[in-house]
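Written below as structure tokens is the structure these notes are about.
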Amino acid sequence: MFLTRFRVNTARPGARRLLSSPQTMHAAVMSAFPTLLPTDSPPPDGPRVLWRLDHQARAEVLLYIVSPHQPDLTHLVEQAGWPAAAAADPHNPGWHTRPYTPLLDRLTAGDQWAFRLTANPVHTIRRHPDEPRKITAHLTPVHQMRWLLERQDRCGFRILEKPDDQRLLPSGTTHHGKHEHHGDRYELSVSDRTPRSFDRDRAREPRTSGRTKPVTLVTATFDGRLEVTDPHALRHTLAHGIGRAKAYGCGLITLAPLTPATQRPAPQRAS
């Protein structure tokens with residue numbers, strides 16, 4: 001397994017095209033692997049290619065990729081990087097890749113890490129008992145946070161709880177309608193919740209006279225602190241991702257060492 005970091009040059013027209021469409025970015029990421037095609041399905045039990053965009057600032061966008069094979073991002077450097085700088089320095093091709101397996105192998109129960117995850121929190125609903133269930137996105141931080149908390153055990157970790165003296169509420173829990181809201185109980189925050197719409201077919205084939213319905217994707221970025229409870233399950237989570245829409249930049253969870261000043265954890269840096 002490998003972890004790769006690529007800084008996107010947001011001033012390039014090619015970068016703006018990639019950033020405007022998760023479908024286009026997915027195709028570009030998959031093109032980094034000579035033996036894979038963008039339409040290939042990942043093996044059912046094996047690790048897959050995961051990616052995520054982190055918008056650190058308006059002009060600082062980082063692309064993270066976790067993959068079973070080492071990628072070649074030469075095409076991304078040419079489209080959305082700094083090709084002249086990469087050509088001038090043979091030791092810096094324009095991206096950084098490091099082996100990911102050593103981190104996975106040293107995970108131990110009881111270890112604590114900062115984490116970041118961009119996911120597509122959804123659930124199924126139906127208005128009447130006789131109609132099929134429909135996949136619907138969670139739209140509020142209350143429901144998005146609960147979506148992740150419900151998955152933490154089977155993903156091999158637990159999200160840390162705040163000490164009593166750091167909670168704004170005595171129990172750290174309040175209620176939002178009939179549901180508990182744990183927002184002040186856990187070391188967890190939710191951000192970047194803007195829904196996005198894009199044309200799924202535009203990246204794969206030229207436009208035709210017929211119009212296709214755009215894809216609407218609701219994502220949420222989770223930052224927090226966790227403790228490893230099941231190293232094997234967490235290794236599976238790190239290699240396979242969490243939730244749906246993995247082809248569209250969701251599901252990749254990354255870890256970083258905890259520091260006392262950690263406010264918004266950044267993913268483990270590739271160097």
Side-chain angles (χ1 to χ4, degrees), residues 1-9 12 14-15 17-19 21-54 61-83 85-87 89-107 113 115-120 155-156 200 203-204 219 228 231-256 266-271:
M1 296 292 294
F2 295 90
L3 172 65
T4 299
R5 185 189 73 216
F6 171 78
R7 184 182 172 194
V8 180
N9 184 349
R12 302 285 300 278
R17 184 175 65 87
L18 290 169
L19 296 175
S21 170
Q23 177 70 36
T24 304
M25 181 64 81
H26 168 68
V29 169
M30 297 304 293
S31 296
F33 305 95
T35 60
L36 297 178
L37 295 174
T39 54
D40 285 347
S41 298
D45 299 321
R48 60 175 297 158
V49 177
L50 301 168
W51 62 272
R52 187 184 74 226
L53 288 170
D54 282 6
V61 180
L62 301 176
L63 170 65
Y64 288 92
I65 302 172
V66 166
S67 57
H69 309 289
Q70 190 165 351
D72 180 353
L73 301 185
T74 303
H75 62 298
L76 277 178
V77 174
E78 295 170 350
Q79 296 177 49
W82 285 266
D89 184 357
H91 300 291
N92 181 15
W95 70 91
H96 301 279
T97 297
R98 68 183 301 175
Y100 202 36
T101 304
L103 172 67
L104 301 179
D105 289 344
R106 73 171 186 261
L107 291 174
W113 298 85
F115 75 90
R116 176 170 290 175
L117 163 70
T118 294
N120 172 226
C155 289
R200 180 168 51 189
R204 293 185 295 189
T219 64
V228 181
H232 177 74
L234 182 55
R235 291 186 193 104
H236 185 274
T237 298
L238 292 170
H240 292 75
I242 300 177
R244 301 171 63 92
K246 296 183 179 74
Y248 296 148
C250 297
L252 171 57
I253 180 171
T254 48
L255 306 178
Q268 180 192 352
R269 301 296 185 181
S271 59

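Below, each value reflects all heavy atoms present in this structure, side chains not excepted, and no hydrogens, waters or symmetry copies.
Using a 4.5 Å heavy-atom threshold, the side chains of L234 and W113 count as separate. Between I65 and F2, the closest side-chain pair of non-hydrogen atoms is not below 4.5 Å. Counting heavy atoms from C-beta on, the side chains of Y248 and N120 never come closer than 4.5 Å. You'll find the side chain of M1 reaches within 4.5 Å of the side chain of P68, heavy atoms only.
Residues satisfying the side-chain hydrogen bond (donor to acceptor under 3.5 Å, both in side chains) criterion with R17, sequence neighbours excluded, are Q79. Every side chain to side chain contact (heavy atoms under 4.5 Å, CB included) that P93 has, sequence neighbours left out, goes to W95. Scanning for side chain to side chain contact (heavy atoms under 4.5 Å, CB included) contacts around A15 gives V8, R12, A80, with sequence neighbours left out. Under the side-chain hydrogen bond (donor to acceptor under 3.5 Å, both in side chains) criterion, D89 pairs with no residue at all, not counting sequence neighbours. T118 pairs by the side-chain hydrogen bond (donor to acceptor under 3.5 Å, both in side chains) definition with T221, not counting sequence neighbours. Annotation: side chain to side chain contact (heavy atoms under 4.5 Å, CB included) contacts of E78 (sequence neighbours excluded): T74.
Shown here for C250 and R244, the closest heavy-atom pair between the two residues is CB-O, 3.5 Å. Among all heavy-atom pairs drawn from T237 and C155, the shortest one is OG1-O, 3.0 Å.
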